[in-house]
Amino acid sequence: RLRSTRSASRVVSSEGPSSPQKSIFVAIFLHLLSFTMGLPVLPALRQHFAIPAARTGLITSAYPAGMLVAVFLLPALSDRVGRKPVLVLSYAGVGCGFLLQALAVRLGWPLWV
């Protein structure tokens with residue numbers, strides 16, 4: 001069902017979030033899921049890259065540290081250039097990071113920690 005608001009050009013759906021909102025929710029869910037899925041394989045990554053146990057904290061703190069920086073920079077950037085370009089850039093960066101992580105494991109690249 002659609003009901004109109006005061007503005008004749010704007011129609012609000014009473015069925016829930018719109019398609020762009022759903023895609024953003026799915027992207028955020030998958031992003032957080034991929035972060036939590038990395039923790040169980042951390043011991044295998046430590047062994048694969050021969051990382052001492054004391055340096056494991058650097059790997060696990062990289063994501064929260066990046067989020068801490070992004071939470072201050074990205075809102076100001078989205079005010080200047082718009083929300084969609086910032087979201088696309090953010091998720092493209094996350095995708096590239098995960099691709100590089102997969103290639104590092106697959107090809108035996110060194111981990112610079």
Does the side chain of Arg83 come under 3.5 Å of the side chain of Ser78 through a donor N or O and an acceptor N or O? no

Between Val69, Val71, Leu77, which is the residue that forms a side-chain contact (heavy atoms from CB on, under 4.5 Å) with Leu73? Val69

Please report the interatomic distance CD1(Ile51) to CG(Leu42), rounded to the nearest 0.5 Å. 7.5 Å

Measuring from Met67:CE to Leu74:CG, what's the distance to the nearest 0.5 Å? 9.0 Å

Restricting to non-hydrogen atoms, name the atom on Val81 and the atom on Pro85 that form the minimum distance, rounded to 0.1 Å. O-CG, 3.6 Å

Closest non-hydrogen atom pair, Ala104 against His48: O-NE2, 4.2 Å

Value rounded to 0.5 Å, distance of OG in Ser61 from CG in Leu68: 11.0 Å

Where Pro75 and Ala70 come nearest, the two heavy atoms and their spacing: CD-O, 3.6 Å

